[in-house]
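Below is one structure, written out as structure tokens; comments come after it.
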Amino acid sequence: MFRKLVLLITLIFLTAFNANAGSDGELILKKNKPTEVKDCFETINRATFAFNQALDGILFQPVASAYRVLPSPVKTGVSNSLNNLSTLVTIPNNILQGDLKKAGVNSGRFVINTTVGILGLIDVAQHLGFPEYEKEDYGQSLATMGVGPGCYLVLPVLGPSTVRDATASVANFVGGDAWYNVTVVNDTQHFSDFDYYASRVTSGIDFRAKNYDAIENLEKNSIDFYASVKSLYLQDRQQKILNTNKIIETQDDSDWEEIETQ
């Protein structure tokens, strides 16, 4: 009951915020009309960004550096397993976006990789000719429905987001993420909340390791690292909403993997 109340309040906040924000015509990052996203909370965002940088230097950067030296098959297996878990969020969002064909394909992908692929460690579905996997989340679904993003937002630990996407992530904790349901919400006697949080931390480390050189180079060569990360994130986010691989400005898809906040 408490979770449902929190969700209701945040959804009311999101609706009201976007109604006000949309009135100046600036905050429209959605499927059919992408444009600039306003940084309403820049002072707070920069402070949070600085905190995240400090945390990265203390924790994620050293761990990611060590993770990078692991054998490639190990790293590939970890990435495959994390992608397999993320399918549990992608499938309901395929349905919400009206793409029932992709929902069916991803359901088949999950079943095959979880069983034959040994809990997703091996992407057997890819070898069987399944289309390339594209992640979807509740923020993307709201965007395809025409919901504006609200302002740019930097979350502690989780990093770049928008008001819309941060709010949409609440759906994961009220039934929208099957992995969260079987680990944290319900006592299945097979999984625990540790399994869920361990997968989230591992996802962050995997992301940091994949983008290690790109992040280091971006920080080294940026006059304003905060602004560069914001620009790159919003460009990448727009690509994912539009489901396009088109390179935007200086962005290279290989340099910026999917950020896991949902």
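Remember, predicted model here, so these are calculated numbers, not experimental data.
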*Tell me, which pairs form a ring-ring contact (aromatic ring centres under 6.0 Å, His included) where one or both residues lie in residues 42-100, sequence neighbours left out?*
Phe49-Phe225, Phe49-Tyr226
*If you look only at pairs with a residue in residues 78-136, which of them pass as a ring-ring contact (aromatic ring centres under 6.0 Å, His included), with sequence neighbours excluded?*
none
*Salt bridge Lys240-Asp137, side-chain N to carboxylate O under 4.0 Å*: no
*Answer yes or no: is there an ion pair linking Glu136 with Lys102, defined by an N-O contact shorter than 4.0 Å?*
no
Not counting sequence neighbours, list each pair that qualifies as a salt bridge (Lys or Arg N to Asp or Glu O under 4.0 Å) and has a residue in [range].
| range | answer |
| --- | --- |
| residues 57-77 | Arg68-Asp213 |
| residues 106-116 | Arg109-Asp123 |
| residues 40-64 | Glu42-Arg46, Arg46-Asp224, Asp56-Arg208 |

For [X], what residues pass the side chain to side chain contact (heavy atoms under 4.5 Å, CB included) criterion, not counting sequence neighbours?
| X | value |
| --- | --- |
| Leu96 | Asn93, Tyr138, Ser141, Met145 |
| Ser192 | Phe194, Asp195 |
| Asn186 | Asn181, Thr188 |
| Pro73 | Pro71 |

*Please round to the nearest 0.5 Å and tell me the distance separating atom CG of Asn113 and atom CG of Asn83.*
9.5 Å
Under the side-chain hydrogen bond (donor to acceptor under 3.5 Å, both in side chains) test, residues paired with [X] that sit two or more places apart:
| X | result |
| --- | --- |
| Ser222 | Ser228 |
| Thr48 | none |
| Ser199 | Trp179 |

*For the residue pair Gln126 and Glu132, confirm or rule out a side-chain donor-acceptor distance under 3.5 Å.*
no
*Aromatic ring pairing Tyr196/Phe173, orientation class (parallel under 30°, perpendicular over 60°, tilted between)*: perpendicular
*Do you know which of Val89, Leu85, Ile91 makes side-chain contact (heavy atoms from CB on, under 4.5 Å) with Thr87?*
Ile91
*Is atom CG of Leu128 surrounded by more than 12 heavy atoms (other residues, nucleotides or ligands) closer than 6.0 Å?*
yes
